[in-house]
Every structure is written in C-alpha cells, then in structure tokens.
> 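I have a structure here, written as structure tokens, and I will follow up with some questions on it.
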Amino acid sequence: KQRSDLLAEVFHGYPFGIAVGGTSGKTTTTAMIGYIFDMLGQKPCLVNGGMLRNYEQLKGLPNFIYNEDKFCIIEADESDGSICKYHPQIALVNNISHDHTSMENLIGYFQTFADNTKGTLVVNGDCELTRNLKHDRKTTFSVKDPAADFFADGIKCLPDGVEYNFRGQTFRLNLFGAFNVSNALAAIAVCAETGLDPLAAAKTLEGFSGIKRRLEIVGTTGRGITLIDDFAHNPSKIASSLSALKEYPRRLLVMYQSHSPFSAFNTGSEVAAEVARVLGPDDIFVMPEVYMLDKNVDKGISAANIVDAVRKNGHNNAYFLDTRENVHKFILENAKDGDCVVIMGARDNSLPDFSRQLLTELYLYLGAEKDAAGTLCSVSLIALSALLTGFGVYDRIAKFGGAGSLVPITGFANAVASPAIESRSEGLIVGTAAKMFSIAGPVIVYGTAASVIYGLILWACSQLAA
C-alpha cells in the first residue's frame, strides 16, 4: 500500500472528513484548521505534511494531532494524483498553478477532488482556476473581492507578522506575507462551514506559530542579518515567499536549490520569470546545481540554465555557483549588515542544518571579526558548527533553547547568554569566550556537550563583563 491509501482508510473512518488541497499553501492552511479545531475544543484528528511549530513540545514528529472524535483533517497531495482518493464532507482548494505535472492533469485532479466532495467546496475567489471548479455548493474567500463569502482587507505588514480586517474587526497573524491572510481566510471559511464562529476562529489564529520551513526565521545576528529557511519550490510559492519578504525594506540574498531535474525542466523558465519580476536590482540570487537523489543519473538540465533565464528576464544579479560549498562561501563574503539571507528549496533534508550552520558562521564571520580573538573564534567555532551538523543535533538543541533565536551557536547557547550577546559588550564577550573555547574545544567529542559547554562559557563571560 502507498501512504495515500493508508491515509484514505484513516480519513474515511471518521464521521466528518475535511481535506485541503492546492498547489500552494495547503500545508499551512491544513495546520491552521487543525489548530483552530484543537484550541476551540473540537478534538480533531489532523494529518499534515509539515511540522507544526505549536506542537513541537510533543513526543514524536509534530505533523499530526491524534483524537478519535468526529473530525479528521488532512492535507491532500495533488503531485501524484492521490488527491482523487479522498471523499471529504468539506474540501478546500487554495489555488491551482503549475507544479509537478501538466496543467491539464492538475485541473483534472482538482475537478475529481471537487466531484468527490459530499458537502461544501471552499475555493479561492482570487484564483480563476479554482473559481472555475464545478460543484453544486461552493463557498468563496478573497482578499480582493468584497462580494466573496469571506473577505479581508486592510492588510498591513508588521515587523513580526501581518494585520488584517475581517467583518469589522482587526486581527493579526504571527506570519509574514499577505498570502497568509488568504490562507487564514480559507481556514476560517472551512471552520465556519462546520458551525464554528468565524470571528472566534480568526482570533484563535493569532496564537498560530506556523510551520517549520515556511518562511521560518532561523535567527538574526547581532548585526541584523536575518536568516530565513523556506520550502518554496514552484513558481507561485517562490513568488509568494519573495514578495512577502520584499514587503520589508532590506536587501535579499537568496539561495534557491531546485529539488529535481524534472522540476527544473518543468517549471524552470517560470521560476526565472518570477524571480526576476519580484527581486530588486540590489537583491542577489544564487543557485547551486540541481539536487539529485541519485548522483549517477544524467540530469539533462543544469541550474545554470535557470540562472541564465533570470538574467535574460532582467535581473543581472544572479549567479550559478555549482556546489553548496561555493554558495556557502559566497554568502559569507557578500552578506551585509541588515540583509535577509534566504535558503529556499524542497526535498533535500540537509537544508535546515545548512541554514543553521550558515547562521552560526554569519555571526562569527561578521560579528567577531573585529575582536582580538576573532580569528580563534572563527576557526574553533566553525569547526564546532561542522561537528554539530555532522551529529545532526542542531534541531534537537534548538528545540530545547528556542530555534527562533539561534545565535551564536545554538538555541541553547542563546537562551543562556542572549542578554549579554545583544549588549554593547558583544565583541568582548564573544571574543573571550571563543578564546577559552579554542583551548577546550579539542577535548569535546559530542556536539551536544560542546553546545552546552559553550553556552555556559558565554554565560560566565557575560557575568564577568557585567
């Protein structure tokens, strides 16, 4: 059996099924619906494709909520056509755009999904292809058309999220991008169709923390360089993420890794057009080679083709750097104070660790370079960063200490020493700690122990500096 067959069995075993589809936004919207149901006491079963940040403290992978009550909420995947296996009471289609297969196939999959829906089909009124889906009972949501059943306006970007108006009240999300207001409206519409109060649903979403690798802030250095880890991998997702980040006045330094030769061939020209359209002249776009699970297979296409297309579309600040190591070096050498560094791509499970290692080294490379012990800091702690990546402990430690502020070495170290790190004595503390750690480093064998010791050193130095 395939995963989708097992999921269909579980899904159809519940009295009331809610399935969420769409080529973009379905993971976040599925999580929003499950979170609202859970917070409002509906005891849902939720099965999602991404990791829910609100449930990271639970045992196991935080991509599900398990209950044996009435409702089962799932993310329905269109990439392989398995979306056609589900027969929900309520179906949601966020949008339809080019990804995975031909547009003809995609539209057919989503129409079958609509035909299988027993109750209400909730569709995005701002997407023509979803509006055109045929169904006897449709509910619409929109951020453009006031005539939609669920409409929001007054969208305003905030330093830590976005604000919007809905039915006479103002709400906010702890997520970037106007597109997340659309996702929120979709979730609110689905919840309202089951009898939940839409205003209560909107208020509940103010506590929603988002999904791992969906414009996830890995951390910010002392000199204001923010690192974002993002799953975007098709033209519309890439455009939405970059557009959301362009709502803030800072330069973007973007690495995009295409997740397969088929994706590069199928949507590469569209990706290039969107990148060139959204990025400003000062923004930088770089690509390593296309990701390959089987290194021995002939790719038939190179990321260099996409970079060339970006340039032909008018954005000259685009570079093909072949290897991840070259990208790593390029970012360290070109990142400036206040930049937003974006690591973007799917399928490659090493990207989150790469993001965290890069953040650590950005802090060291640009934050301690003027200190007397800066060289020792860079050598000893970059070596430690590689060790941590090798042992795969970044995420475990960051979960303990707070991944949102992973500076300078892990969330744990930051949790212990962040007040001192952010103070004016930053250079003295980091430099002194680095010098001490360069002596102790060789005797440290395991990454976890190294992080704990380094965090304690930072704390001790901050006390001395105080």
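Atom set for the values below is all heavy atoms of this structure, side chains included, hydrogens, waters and symmetry mates excluded.
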> Could you walk me through whether Asn54 and Ser209 pass the side chain to side chain donor-acceptor pair (under 3.5 Å) check?
CA-CA 6 Å; Asn54 289 92; Ser209 300; 3.3 Å; yes
> How many angstroms lie between CD in Glu274 and CG in Leu279, if you round to the nearest 0.5 Å?
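Glu274 CD to Leu279 CG: 10.5 Å, rounded to 0.5 Å.
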> Judged by atom type as modelled, is there a donor-acceptor pair below 3.5 Å linking the side chain of Asn116 to the main-chain atoms of His87?
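Checking the backbone N and O of His87 against the side chain of Asn116, no donor-acceptor pair under 3.5 Å is found.
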> Could you check whether Asn95 and Ser97, counting side-chain N and O atoms only, form a donor-acceptor pair closer than 3.5 Å?
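Absent: no donor and acceptor within the cut-off.
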> Which atom pair, heavy atoms only, marks the closest approach of Lys70 to Tyr14?
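Reported closest heavy-atom pair: O-CB, 3.8 Å.
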> Are Met344 and Leu215 close enough, and set up right, to give a side-chain contact (heavy atoms from CB on, under 4.5 Å), and what steps lead you there?
CA-CA 9 Å; Met344 186 175 280; Leu215 286 180; 5.8 Å; no
> So, are Glu289 and Arg324 salt-bridged, with charged N and O less than 4.0 Å apart?
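No, Glu289 and Arg324 are not salt-bridged.
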> A side-chain contact here means heavy atoms from C-beta on lying under 4.5 Å apart; do Asp348 and Ser350 qualify?
yes
> Taking the side chain as every heavy atom from C-beta outward, state whether Leu92 and Ile18 have any atom pair closer than 4.5 Å.
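Result no, sub-4.5 Å side-chain heavy-atom pair not found.
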> Drop me the distance from Ile211's CD1 to Met51's CE, to the nearest 0.5 angstrom.
9.5 Å
> Just verifying a value: how many Å separate Leu121 CG and Gln111 CD, rounded to the nearest 0.5 Å?
8.5 Å
> Can we say Glu56 and Lys212 salt-bridge, meaning some charged N sits less than 4.0 Å from an Asp/Glu carboxylate O?
yes
> Quick one: does Pro288's side chain get under 4.5 Å of Thr323's, heavy atoms only?
no
> Starting from the C-alpha separation in whole Å, work towards a yes-or-no answer on side chain to side chain donor-acceptor pair (under 3.5 Å) for Asn124 and Thr130.
CA-CA 6 Å; Asn124 184 354; Thr130 61; 5.3 Å; no
> I'd like to know whether Thr140 forms a side chain to side chain donor-acceptor pair (under 3.5 Å) with Asp149, so could you lay out the CA-CA distance, the side-chain angles of the two residues, the decisive distance to 0.1 Å, and finally the verdict.
CA-CA 5 Å; Thr140 59; Asp149 299 304; 3.3 Å; yes
> Would you mind checking if Glu216 and Arg356 are paired as a salt bridge, meaning a charged N to carboxylate O distance below 4.0 Å?
yes
> Run the numbers on Asp283 and Lys246 for salt bridge (charged side-chain N to carboxylate O under 4.0 Å, His left out), then give the verdict.
CA-CA 10 Å; Asp283 298 324; Lys246 287 301 294 179; 2.8 Å; yes
> Indicate the atoms forming the closest heavy-atom contact of Val290 with Ser302, along with that distance.
CG2-C, 4.2 Å
> side-chain contact (heavy atoms from CB on, under 4.5 Å), that's the test. Do Ile331 and Glu361 meet it? Break it down for me.
CA-CA 10 Å; Ile331 291 174; Glu361 296 178 27; over 6 Å; no
> Under a plain distance cut-off of 3.5 Å, with no hydrogens placed, do Thr28 and Asn183 share a side-chain donor-acceptor pair?
no
> Hey, are Asp126 and Lys144 close enough for a salt bridge, meaning a charged N less than 4.0 Å from a carboxylate O?
no
> With rounding to the nearest 0.5 angstrom, report the CD to OG1 distance, Glu270 to Thr267.
6.5 Å
> Report, one line per pair, each donor and acceptor closer than 3.5 Å where one atom sits in a side chain of residues 150-163; sequence neighbours left out.
from   : atom 1 : to     : atom 2 : distance (Å)
Asp160 : OD1    : Arg172 : NH2    : 2.7
Asp160 : OD2    : Arg172 : NH2    : 3.4

> Answer with yes or no after comparing the ring centroid distance for Phe285 and Tyr319 against a 6.0 Å cut-off, counting only values under it.
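Ring-ring flag for Phe285/Tyr319: false, centres at least 6.0 Å apart.
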> Just by distance, no angles: are the side chains of Asp38 and Tyr55 close enough, under 3.5 Å, to form a donor-acceptor pair?
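Result is yes, a qualifying pair exists.
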> Are His233 and Phe231 close enough, and set up right, to give a ring-ring contact (aromatic ring centres under 6.0 Å, His included), and what steps lead you there?
CA-CA 6 Å; His233 60 278; Phe231 188 72; 4.9 Å; yes
> Lys85 vs Asp5, test: salt bridge (charged side-chain N to carboxylate O under 4.0 Å, His left out). Steps then yes/no.
CA-CA 8 Å; Lys85 297 178 181 180; Asp5 295 317; 3.0 Å; yes
> Indicate the ring-plane relationship of Phe37 and Phe71, choosing parallel, tilted or perpendicular according to the 30° and 60° boundaries.
perpendicular
> Without hydrogens or angle criteria, can the side chains of Thr139 and Thr120 be said to hold a donor-acceptor pair below 3.5 Å?
no
> Would you say Lys138's side chain and Arg131's backbone share a donor-acceptor pair under 3.5 angstrom?
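Indeed, once roles are kept as given, a pair shorter than 3.5 Å links the two residues.
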> Within the distance-only criterion (no hydrogens, no angle test), does the side chain of Ser355 pair as donor or acceptor with the backbone N or O of Leu351 below 3.5 angstrom?
yes
> Check for a donor-acceptor pair, side chain of Asn313 on one end and backbone N or O of Ala309 on the other, with a separation under 3.5 Å.
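Such a contact is found between Asn313 side chain and Ala309 backbone.
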> Do Val218 and Ile228 come within less than 4.5 Å of each other through their side chains, counting heavy atoms only?
no
> Hey, is the main chain of Asp77 close enough, under 3.5 Å, to the side chain of Ser82 for a donor-acceptor pair?
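Such a contact is found between Ser82 side chain and Asp77 backbone.
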> So do the side chains of Pro352 and Arg213 get within less than 4.5 Å of each other, counting heavy atoms only?
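When only atoms from C-beta onward are counted, Arg213 and Pro352 do touch, with a gap below 4.5 Å.
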> Can you check whether Leu173 reaches Phe208 side chain to side chain, under 4.5 Å on heavy atoms?
no
> Within a reach of under 6.0 Å around CZ of Arg167, are more than 12 heavy atoms found that belong to other residues, nucleotides or ligands?
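More than 12 heavy atoms, drawn from other residues, nucleotides or ligands, come within 6.0 Å of this atom.
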> Within a 6.0 Å radius of atom CZ on Phe265, are there more than 12 heavy atoms belonging to other residues, nucleotides or ligands?
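Result for CZ/Phe265: open.
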> Is there a donor in the side chain of Gln357 and an acceptor in the side chain of Asp353, or the other way round, less than 3.5 Å apart?
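Result is no, nothing qualifies.
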> With a 3.5 Å distance limit and no angle check, can you tell me whether Asp145 reaches the backbone of Ala147 through a side-chain donor-acceptor pair?
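Confirmed, Asp145 side chain pairs with Ala147 backbone.
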> If you measure from OG1 on Thr170 to CG on Asn165, what distance do you get to the nearest 0.5 Å?
4.0 Å
> I need the minimum non-hydrogen distance between Arg277 and Ala239, along with the two atoms involved.
NH2-CB, 3.8 Å
> Check the surroundings of atom NZ in Lys203: do more than 12 heavy atoms from other residues, nucleotides or ligands lie under 6.0 Å from it?
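No, not enclosed.
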> What heavy-atom pair brings Cys191 and Ile36 nearest, and what distance separates the two atoms?
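Where Cys191 meets Ile36 most closely, the heavy atoms are SG-CG2, 3.6 Å.
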> May I ask you to decide whether Arg250 forms a salt bridge with Asp339, counting only side-chain N to carboxylate O separations under 4.0 Å?
no
> Give the minimum heavy-atom separation between Ile83 and Ala76, together with the two atoms involved.
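Reported closest heavy-atom pair: CG1-CB, 3.6 Å.
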> Check Ala31 against Leu52 and note the closest heavy-atom contact, atom names and distance.
CB-CG, 3.9 Å
> How about Asn63 and Val47: do any of their side-chain heavy atoms sit closer than 4.5 Å?
no
> Does the pair Phe320 and Asn305 meet the rule for a side-chain contact (heavy atoms from CB on, under 4.5 Å), with working shown?
CA-CA 9 Å; Phe320 171 63; Asn305 302 125; over 6 Å; no
> How about Asn349: does its CG atom have over 12 heavy atoms from other parts shown lying under 6.0 Å from it?
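Not more than 12 within 6.0 Å, no.
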> Does any non-hydrogen side-chain atom of Ser260 lie less than 4.5 Å from one of Arg347?
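Counting from C-beta outward, Arg347 and Ser260 do come under 4.5 Å.
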> Is there a donor-acceptor contact under 3.5 Å from the side chain of His328 to the main chain of Leu358?
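A pair under 3.5 Å: no.
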> Starting from the C-alpha separation in whole Å, work towards a yes-or-no answer on side-chain contact (heavy atoms from CB on, under 4.5 Å) for Gln257 and Val327.
CA-CA 10 Å; Gln257 179 179 271; Val327 171; over 6 Å; no
